[in-house]
Amino acid sequence: MQDFIFFDSKNPICKSPFGSVAHDRDITFRIFAKDGVFVRGVELLIYEDGKDVPYVFPMFFNCKHGDESEFFTKFSINKVGLYWYKFVFHTENGDIYKDNDGKLYQFTVYKKGYRTPDWAKGGVIYHIFVDRFNKGDDKSIVFNKNGVMKEWGEEVTIADPDGVFRANDFYGGNLQGIIDKLDYLQELGVTLIYLSPVFESSSNHRYDTGDYEKIDPLLGSEEKFAELIEKARDKGMGVMLDGVFNHTGADSKYFNKFGNYPTLGAYQSQESEYYDWFDFYNFPDEYHCWWGITVTPTVSQRATAFRNMIAGKKGVIEKWTKLGVKGWRLDVVDELREDFVKDIRKTIKSCDKEAVLIGEVWEDASNKIAYSYRRHYFQGEELDGVMNYPFKEATLSYALGDDVRNFIDTVMTIVENYPKPAMDATMNLIDSHDTARALSVLSGADMSGTDKAFRRDYRMNPELYDIAKKRLYMASAIQFMLPGIPSIYYGDERGMQGYEDPLCRRTVDWSGCDEDILSHYKKLGGIRKEYNAIMRGETYFEWHDGLLVLCRKSGKKIIKTVANNTRYTKTFRCDNAKMDLLLGEEVVEKLFDIEPCEVRIFLAERK
């Protein structure tokens, strides 16, 4: 019987405003019922997250539209939170419920005045795994690690001779190397440089922090880091750090399992000032650690002294933000206490209200449950944005041939669920240091049943590379035009290949690259820079014979990204097209043939 009812939560006619709303703002719901069933009354049932008893809002008959009756209600919610809803029609044949295909509809109510830094929106993030990006000439650096320093370009180690992967092969990428490439990053349109961890630690990835108050000496000095910040700022770029605050390194001043620090670490004595920062099951060798990895002991949720060191007065966040850091990315944010995240935000914003705070979340961050607890990230006192893995999966799947409707549904669900201030500050990626590189995924090569040694040595043949390259053009263009901030994982713009960690963490070959791919990324960066206002505008889709038509609109100007993931040439009509932005040409024709695996970006203007 739900067939006689029409409601689309993504349609502003049915729900206005679209998506999430600020608290105390009026919300209007409209629902339509076809004639043929006698309706005695309609009610909207809204459930506060975790509550079983709904708020009941009567819906009133408004008017007729042909053979449909319109019912509406208008109200506001004055309590910030996550809400769920459905409708009930009281009819002559009993109650009929309208929900979202067996689930409740969702909307978020966020704090009035919630804002995110405008300077970051419409820009481009560039994600650098520092050890592998570029080795600059810094003669003050001395190799002092328990591992091996390899030649630049040498293959990564997937395991030591005893079969253990220790992440202790180094290549010497450093801060000076990033400074040397700032002009290169500027040409890509980069506005925010996201660095993998730079604090002192024993591994090449540095997610096992040894000392949060020191730059790793293998990368350079604190003075060199300040120089990077200043020179990047002069070129219109900020620097974002990776904050790893769920766990430390076993080889750290806090835990000091190997005695490499002069401090009395928690592993060494129960009298250590750091002892209650960690949870020991059987002191000293059995302790809580991140995903069972003993080199990363997890910090106890009760460790207030640790939290004060990170987010308190004269703490880690304050030190580096006041030095000029313009953003923080919180590693495994869903494993941090929410009040800790709020404290981090308060400290960041007190030092620089325009610094951006991004969280690592792999799912829909608006309704995520982690460790049986609902997480709240977008209510106004938590994050500015998150790493947008749902967009990543949808974009790659679409480029590989998935139905366009699945892509649209995923994108619009996230756009609907996230407050717009957060959506505009969300980090859109198609790969990262934790995943296979996009180009390798887009080849479609079947790696099932292969071992890591095979995947390390595998390179695409020219035919497969050509297919992957076309798909990368399509995926990256979509990524850059979606709401949020696109993030380039270092080397993608040069055609780097590689599967899972550490195969996605090879060194950049600066002697050569795929110039076509590099040129494509420069064009995308240029489009975002020139049409920054549109990149922060509305998002919607049009339907054209199975083509993906992603539209971004601000005022009268519209950017339409048209992609074809089918095997057939499709014709696209755009009467108001002015420019082909990838070709950089004015357009006269209104009909365009879109070839298989082709993407076009048109600037259009409404009269």
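- With hydrogens and angles disregarded, no donor-acceptor distance shorter than 3.5 Å links the side chain of Arg552 to the backbone of Ile559.
- Checking each of Thr209, Leu219, Asp242 against Pro197 for a side chain to side chain contact (heavy atoms under 4.5 Å, CB included) leaves exactly one that passes, namely Asp242.
- Residues satisfying the ring pair (Phe, Tyr, Trp, His ring centres under 6.0 Å) criterion with Tyr110, sequence neighbours excluded, are Tyr114.
- Aromatic pair Trp320/Tyr212: centroids not less than 6.0 angstrom apart.
- A heavy-atom distance below 4.5 Å is found between the side chains of Asn246 and Thr298.
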Apply salt bridge (Lys or Arg N to Asp or Glu O under 4.0 Å) to the pair Arg505 and Asp434, showing each step before the final yes or no. CA-CA 9 Å; Arg505 303 177 180 181; Asp434 285 326; 3.7 Å; yes
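- In this view, Phe255 and Tyr267, Phe278, Phe280, Tyr287 satisfy the ring pair (Phe, Tyr, Trp, His ring centres under 6.0 Å) rule, not counting sequence neighbours.
- Judged as a side-chain contact (heavy atoms from CB on, under 4.5 Å), and not counting sequence neighbours, Ser16 has no contacts.
- Counting only N and O atoms by type, the side chains of Ser476 and His520 include a donor and acceptor under 3.5 Å apart.
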In sequence, state the C-alpha distance, the side-chain angles, and the governing distance for Lys319 and Glu222, and then conclude on salt bridge (Lys or Arg N to Asp or Glu O under 4.0 Å). CA-CA 11 Å; Lys319 172 180 177 174; Glu222 184 172 324; 3.3 Å; yes
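- Within the cation-pi definition used here (under 6.0 Å to the ring centroid, within 45° of the axis), Arg329 does not qualify as a partner of Phe245.
- Judged by distance alone, the side chains of Asp208 and Ser202 do bring a donor and an acceptor atom under 3.5 Å apart.
- Taking Ser272 as the reference, Leu264, Tyr274, Tyr275 meet the side-chain contact (heavy atoms from CB on, under 4.5 Å) condition, with sequence neighbours excluded.
- Among Val361, Val333, Asp364, the one residue that satisfies the side chain to side chain contact (heavy atoms under 4.5 Å, CB included) test with Val386 is Val361.
- The side-chain contact (heavy atoms from CB on, under 4.5 Å) test applied to Lys150 returns Val148, Glu154, Thr157, Asp169, Tyr171, not counting sequence neighbours.
- For the side chain to side chain donor-acceptor pair (under 3.5 Å) condition, the pairs that include at least one residue of residues 228-237, sequence neighbours left out, are Asp183-Lys235, Glu227-Lys231.
- Although no hydrogens or angles enter the test, the distance criterion places a donor-acceptor pair under 3.5 Å between the side chain of Asn256 and the main chain of Tyr261.
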